[in-house]
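Order of the sequence lines fixes the chain letters, A, B, ..., with proteins taken first and strands second; residue numbering starts at 1 for each chain.
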Amino acid sequence: KAGVTQTPRYLIKTRGQQVTLSCSPISGHRSVSWYQQTPGQGLQFLFEYFSETQRNKGNFPGRFSGRQFSNSRSEMNVSTLELGDSALYLCASRHGTYEQFFGPGTRLTVL
Amino acid sequence: AQRVTQPEKLLSVFKGAPVELKCNYSYSGSPELFWYVQYSRQRLQLLLRHISRESIKGFTADLNKGETSFHLKKPFAQEEDSAMYYCALHIYSGAGSYQLTFGKGTKLSVIP
């Protein structure tokens, strides 16, 4: 099976802009989670989607949002970008109850 | 709130020496702990989970609830073990949702 894919792999944006990141899970996986990775805070949970519904959300401001489509593909959106949003954004998909399979990440740089 | 602490940012050992990567956690519920590994230019992947009590690539980890620890050990380090290691607490958040709370990671460098 193909692994989790994320597009684009790299993005450069300026403050105040918005950005949309995409994640395609492993075929058959209906759960998609998003994580933010920064040098200072490490890996932090953003949210989880299952069957097009957000089931859980981490401690991030409302500027961070997401959605999931009927084919389980997911997007996350960050509006009004701030410098501190520069990070590696990881997507993970899951079929069973525990193992999450991670994508390669999208590196977002906010100037 | 849950928390995972990995006290060492960097750990350097010689090839053939024993390795111990430390992990402590804080969680009020029944903990389920994992170790994830990220090799250079590869994606984050699950190494092992405490419930399975298995040895993967020679690594083992025992959950010690009294000390709230889940240290990762290997008796003889190999150069290919050089990687970033993350300890993670796997939490059921209700409504079928699970999330991982990660430590900040330890970079293991095995010196030839």
Over all atoms of both residues, closest heavy-atom pair of A:Leu43 and B:Phe102: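 Nearest pair, atom of A:Leu43 first, then B:Phe102: CB-CD1, 3.6 Å.
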For the residue pair B:Tyr98 and A:Gln100, what are the closest heavy atoms and their distance?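 For B:Tyr98 and A:Gln100, the tightest heavy-atom pair comes out as O-NE2, 4.1 Å.
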Sort out for me which of A:Gly58, A:Ser33, A:Gly103 touches chain B most, counting heavy-atom pairs under 4.5 Å.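 That would be A:Gly103.
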B:Arg41, B:Arg49, B:Glu32: which one forms the most heavy-atom pairs within less than 4.5 Å of chain A?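 Of the options given, most contacts go to B:Arg49.
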Report whether [X] and [Y] are members of the same hydrophobic cluster (ILVMFWY, side-chain heavy atoms less than 4.5 Å apart, transitive linking).
{"X": "B:Tyr36", "Y": "B:Leu72", "value": "no"}
{"X": "B:Leu108", "Y": "B:Val37", "value": "yes"}
{"X": "A:Leu88", "Y": "B:Met84", "value": "yes"}
{"X": "A:Tyr49", "Y": "A:Ile26", "value": "no"}
{"X": "A:Phe102", "Y": "B:Tyr39", "value": "no"}

Take atom [atom1] of [X] as the centre, draw a 6.0 Å sphere, and report whether it contains more than 12 heavy atoms from other residues, nucleotides or ligands.
{"X": "B:Arg3", "atom1": "CZ", "answer": "no"}
{"X": "A:Arg15", "atom1": "CZ", "answer": "no"}
{"X": "B:Lys22", "atom1": "NZ", "answer": "yes"}

Which answer fits B:Gln99, side chain, backbone, both or neither, if we ask what part of it has an atom under 4.5 Å from a heavy atom of chain A?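 Its backbone and side chain both get close to chain A.
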Is there a donor-acceptor contact under 3.5 Å from the side chain of B:Arg43 to the main chain of A:Gly3?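 No.
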Could you tell me whether a side-chain N or O of B:Lys104 sits under 3.5 Å from a main-chain N or O of A:Pro39, the two making a donor and an acceptor?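 Not at all, since once roles are kept as given, no pair shorter than 3.5 Å links the two residues.
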Taking atom CZ of A:Phe101 and atom CG of B:Leu46, what is their separation to the nearest 0.5 Å?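 Going from the CZ atom of A:Phe101 to the CG atom of B:Leu46 covers 8.0 Å.
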Can you measure from OG (B:Ser97) to CZ (A:Arg94) and round to the nearest 0.5 angstrom?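 CZ of A:Arg94 is found 7.0 Å from OG of B:Ser97.
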Could you tell me if the side chain of A:Gln37 sits less than 4.5 Å from the side chain of B:Tyr86, heavy atoms only?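 Answer yes - side chains close enough.
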Below 4.5 Å, heavy atoms only, C-beta onward: do A:Tyr35 and B:Leu100 meet side chain to side chain?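 A side-chain contact exists here, since the closest heavy-atom pair is under 4.5 Å.
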